[in-house]
Novice: 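I have a structure here, written as structure tokens, and I will follow up with some questions on it.
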Amino acid sequence: MATTTQRKVLITGGAGFIGSNFVHHWVKTYPQDRVVVLDALTYAGNRSNLADLESHPHLRFVKGDICDRPAIDYLLSEETIDTVVHFAAESHVDRSILGPDAFVRTNVVGTFTLLESFRQHWNSRRQPQDDRFLHVSTDEVYGTLGPADPAFSETTPYAPNSPYSASKAGSDHLVRSYFHTYGLPTLITNCSNNYGPYHFPEKLIPLMCINILMGKPLPVYGDGQNIRDWLYVGDHCSAIDRVIQRSQPGETYNIGGNNEVKNIDLVHMLCDLMDELAPHLPVRPAHNLITFVKDRPGHDRRYAIDASKIRDQLGWEPAVTVSEGLRQTVQWYLAHPDWWRPLLSPEYQEYYKAVYA
Ligand code: NAD
Ligand code: TYD
């Protein structure tokens with residue numbers, strides 16, 4: 001498929017962390033495309049993530065829920081959407097442990113609603129070959145790895161261990177079935193842990209950055225030896241772009257950074273960067289704030305992605321190393337207190353107490 005095809009793209013969850021980075025990526029890369037962002041603005045959604053694009057002539061923001069079938073039917077038809085990039089989800093394992101209901105509703109029922117609506121829309125448009133429905137998923141659907149296990153590939157059996165990953169696995173299965181049953185031109189990407197700008201403060205990297213700046217304890221779960229494969233969010237966006245432009249429908253691709261890091265080592269890297277880059281810190285050296293806390297229930301030990309399929313078939317590779325990406329991320333949090341301070345709301349403090357008290 002030509003990479004120059006002009007598209008009318010619906011981006012769900014485009015006010016969240018990865019979604020908003022993707023909106024920036026798409027608008028910059030394809031300035032002539034129509035981009036419609038659909039986001040319910042839950043606690044994780046933030047309109048200010050898109051503030052610099054408010055007056056962009058081809059961008060429209062719609063506040064709405066992916067479970068609202070009439071609203072989605074209307075939007076797809078009104079905007080003659082040909083490409084859906086589906087980020088909207090409840091995305092945090094710790095929140096899924098506290099309250100799994102919203103995860104089943106948004107991740108399973110919401111994805112189903114979107115698929116049904118897009119199927120009807122695609123049929124009414126006489127099934128154009130270049131239309132795409134790309135479902136953004138996670139490596140967590142594969143479960144956990146032992147120290148010597150090979151990295152997750154696209155053929156690794158699903159074995160989700162948290163309500164979050166189970167609900168994402170359910171949505172992946174639905175998407176897959178719509179390709180096989182109805183021929184809907186779907187794609188699935190399963191990506192490892194992302195980091196970068198606009199990351200909501202409850203996830204590991206932003207939480208540690210913000211706590212260091214505020215002189216608060218840095219809560220490391222369990223023994224801190226759990227391993228994640230970190231990918232800079234801009235690299236995730238370029239991978240999704242590549243899959244939309246180049247992949248055949250029905251494909252699934254794993255996306256990862258080849259950056260396996262133990263949590264405790266990552267926290268030390270963030271402390272060192274803050275010591276170096278932050279002009280004023282309440283506690284220096286920052287690693288004095290590290291505190292081991294009770295482990296997360298069912299905590300997956302290790303994730304690692306084998307990204308050779310997307311590299312070999314589509315020529316995609318990550319461009320940002322973990323040391324460069326963490327430096328840029330720390331600099332971003334240092335430069336944007338006006339972005340993160342308002343997010344430490346009473347609701348956030350309640351959540352924080354529930355997880356860490
Ligand atoms: P996020 O929580 O930052 O953003 C989710 C967005 O979806 C928010 O803007 C929220 O308002 C919106 N949303 C939630 N429920 C909605 C609903 N019912 N209707 C419409 N919008 C709704 O999440 P994220 O980290 O940006 O993750 C985006 C996607 O990428 C998710 O599907 C997630 O599973 C997947 N993913 C995330 C990571 C990661 O490291 N963060 C890694 C791999 C895959
Ligand atoms: P997180 O950012 O929540 O992503 P995920 O659970 O989807 O991998 O957490 C990344 C890792 O960091 C995970 O192993 C849990 C751990 N962690 C902590 O040790 N302390 C914390 O306060 C948080 C939020 C996470």
Side-chain angles (χ1 to χ4, degrees), residues 11-23 37-47 49-50 62-68 71-72 85-97 102-103 105-107 109-111 113-114 135-141 144 161-162 164-165 167-169 171-172 189-196 198-208 211 217-231 233 236 240 254-257 261-264 266-267 290-296 298-303 305 352 355-356:
I11 301 177
T12 72
F17 163 46
I18 308 174
S20 62
N21 276 282
F22 185 78
V23 172
V37 173
L38 175 71
D39 198 297
L41 296 181
T42 67
Y43 78 95
N46 189 346
R47 191 91 195 244
N49 295 1
L50 302 172
V62 178
K63 184 174 179 208
D65 189 331
I66 56 165
C67 298
D68 182 348
I72 297 180
V85 192
H86 176 34
F87 293 92
E90 288 293 336
S91 70
H92 190 189
V93 174
D94 290 324
R95 287 201 186 239
S96 83
I97 295 167
F103 288 73
R105 179 184 179 276
T106 288
N107 299 359
V109 179
T111 301
T113 308
L114 212 52
H135 173 62
V136 180
S137 192
T138 165
D139 58 355
E140 302 191 28
V141 297
T144 187
N161 289 323
S162 72
Y164 163 62
S165 53
S167 64
K168 290 298 289 187
S171 62
D172 291 12
T189 53
N190 294 90
C191 188
S192 60
N193 287 62
N194 284 214
Y195 66 98
Y198 304 116
H199 206 175
F200 190 80
E202 69 190 1
K203 304 275 179 84
L204 179 72
I205 289 180
L207 185 142
M208 295 296 165
N211 283 14
L218 307 179
V220 176
Y221 295 157
D223 60 5
Q225 299 297 306
N226 304 66
I227 292 173
R228 298 292 183 263
D229 179 355
W230 292 97
L231 181 71
V233 64
H236 189 186
I240 292 172
N254 283 0
I255 302 169
V261 188
K262 286 181 185 156
N263 290 345
I264 188 63
L266 187 83
V267 173
I290 291 175
T291 312
F292 289 92
V293 299
K294 192 167 166 282
D295 208 353
R296 171 189 278 173
H299 194 177
D300 285 338
R301 196 67 175 164
R302 173 179 167 235
Y303 301 144
I305 280 274
Y352 202 91
V355 176
Y356 299 100

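In listed order, ligands and their atoms are each counted from 1. For clarity, every value in this text was computed on a predicted model and none was experimentally measured. All values below were derived from every heavy atom in this structure, side-chain atoms included, with hydrogens, water molecules and symmetry-related copies excluded.
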Novice: Is Ala88 in polar range of ligand 1, meaning some N or O pair under 3.5 Å apart?
Specialist: no
Novice: Using a 3.5 Å distance criterion without hydrogens, assess whether the side chain of Asn211 forms a donor-acceptor pair with backbone atoms of Pro217.
Specialist: yes
Novice: Measure from atom 15 (N) of ligand 1 to every heavy atom in Asp139, Thr189, Thr106 and give the option owning the shortest one.
Specialist: Thr106
Novice: Quick check on side chain to side chain donor-acceptor pair (under 3.5 Å): which of Ser165, Ser171, Ser167 does Asn107 satisfy it with?
Specialist: Ser167
Novice: Taking only heavy atoms of Thr42, which atoms of ligand 1 are found under 4.0 Å from at least one of them?
Specialist: 10 (C), 11 (O), 14 (C), 15 (N)
Novice: Quick check: His199 and ligand 1, any N/O pair under 3.5 Å apart?
Specialist: no
Novice: Does ligand 1 have any atom that is closer than 4.0 Å to a heavy atom of Ser192?
Specialist: yes
Novice: For ligand 2, which part of Asn193 has a heavy atom less than 4.0 Å away: the side chain, the backbone, both, or neither?
Specialist: side chain
Novice: Nearest heavy atom to atom 4 (O) of ligand 1 wins, so pick from Gly16, Gly19, Gly64, Cys191.
Specialist: Gly16
Novice: Compare Tyr303, Phe292, Tyr221, Phe200 and give the one whose heavy atom is closest to atom 18 (C) of ligand 2.
Specialist: Tyr221
Novice: For Asn263, which part has a heavy atom under 4.0 Å from ligand 2: side chain, backbone, both, or neither?
Specialist: side chain
Novice: N/O of Tyr356 under 3.5 Å from N/O of ligand 2, yes or no?
Specialist: yes
Novice: Any N or O of His236 that comes nearer than 3.5 Å to an N or O of ligand 1?
Specialist: no
Novice: At a 4.0 Å threshold, what atoms of ligand 2 neighbour a non-hydrogen atom of Glu202?
Specialist: 24 (C)
Novice: Look only at the side chain of Asp300 and the backbone of Arg302, and say whether a donor-acceptor pair between them is shorter than 3.5 Å.
Specialist: no
Novice: Any idea which of Pro206, Pro219, Ser162, Ser91 brings a heavy atom closest to atom 21 (C) of ligand 2?
Specialist: Pro219
Novice: Atom OG in Ser20, atom CG in Asn49: separation rounded to 0.5 Å?
Specialist: 4.0 Å
Novice: Heavy-atom contact check, 4.0 Å cutoff: does Tyr164 meet ligand 1?
Specialist: yes
Novice: Strictly under 4.0 Å, does any heavy atom of Phe87 approach an atom of ligand 1?
Specialist: yes
Novice: Run the contact test for Tyr164 against ligand 2 with a 4.0 Å cut-off on heavy atoms, strictly below, and give the result.
Specialist: no
Novice: Measuring from Leu114:CG to Asp68:CG, what's the distance to the nearest 0.5 Å?
Specialist: 11.5 Å
Novice: Side chains of His86 and Thr111: donor-acceptor distance under 3.5 Å anywhere?
Specialist: yes
Novice: Considering non-hydrogen atoms of the protein only, which is the closest contact for atom 10 (C) of ligand 2, and what is the distance?
Specialist: Leu204 CB, 3.9 Å
Novice: Please work out which of Phe22, Phe17, Phe200 has its closest non-hydrogen atom nearest to atom 25 (O) of ligand 1.
Specialist: Phe17
Novice: Strictly under 4.0 Å, does any heavy atom of Leu41 approach an atom of ligand 1?
Specialist: yes
Novice: Identify, by atom number and element, the atoms of ligand 2 in contact range of Arg228, meaning under 4.0 Å from any of its heavy atoms.
Specialist: 8 (O), 13 (C), 14 (O)
Novice: Provide the number and element of each atom of ligand 2 under 4.0 Å from a heavy atom of His92.
Specialist: 3 (O)
Novice: With heavy atoms of Glu140 as the reference, note each atom of ligand 2 found under 4.0 Å away.
Specialist: 5 (P), 7 (O), 8 (O)
Novice: Gly14 near ligand 1, heavy-atom distance under 4.0 Å?
Specialist: no
Novice: I'd like to check which ligand 2 atoms, numbered from 1 as shown, lie under 4.0 Å from a non-hydrogen atom of Val93.
Specialist: 6 (O), 7 (O)
Novice: Glu202 and Tyr43: side-chain donor and acceptor closer than 3.5 Å?
Specialist: yes
Novice: Would you mind listing which atoms of ligand 2 come within a distance below 4.0 Å of any non-hydrogen atom of Val220?
Specialist: 19 (O)
Novice: With respect to atom 3 (O) of ligand 2, which of Arg296, Arg301, Gln225 exhibits the smallest heavy-atom separation?
Specialist: Arg296
Novice: Working to the nearest 0.5 angstrom, can you tell me the gap between Phe17 CZ and Phe200 CZ?
Specialist: 13.0 Å
Novice: Out of curiosity, Asp139 CG to Thr189 OG1, how far, rounded to the nearest 0.5 Å?
Specialist: 11.0 Å
Novice: Can you list the atoms of ligand 1 that are under 4.0 Å from a heavy atom of Ser137?
Specialist: 43 (C), 44 (C)
Novice: Counting only nitrogen or oxygen atoms and a 3.5 angstrom limit, does Glu90 reach ligand 1?
Specialist: no
Novice: Using 4.0 Å as the upper bound for N to carboxylate O, is an ion pair formed by Arg296 and Asp94?
Specialist: yes
Novice: For ligand 1, indicate whether the residue His86 contacts it via side chain, backbone, both or neither (heavy-atom separation under 4.0 Å).
Specialist: neither
Novice: Does the side chain of Tyr303 pick up a donor-acceptor pair with the side chain of Glu140 at under 3.5 Å?
Specialist: yes
Novice: Taking distance alone, with no angle check, do Asn193 and ligand 1 share an N/O pair under 3.5 Å?
Specialist: no
Novice: So for ligand 1, is Asn46 a polar contact partner (N or O within less than 3.5 Å, distance only)?
Specialist: no
Novice: Strictly by modelled atom types, are Asp295 and Asn226 linked by a side-chain donor-acceptor pair under 3.5 Å?
Specialist: no
Novice: Going by the closest heavy atom to atom 14 (O) of ligand 2, which one wins out of Lys203, His299, Met208?
Specialist: His299
Novice: With atoms numbered from 1 as shown, which atoms in ligand 1 lie under 4.0 angstrom from a non-hydrogen atom of Asp65?
Specialist: 17 (C), 18 (N), 19 (N)
Novice: State, without any angle test, whether Ser91 and Lys203 hold a side-chain donor-acceptor pair at a distance under 3.5 Å.
Specialist: yes
Novice: Under 4.0 Å, counting heavy atoms only: does Ala15 come that close to any atom of ligand 1?
Specialist: yes
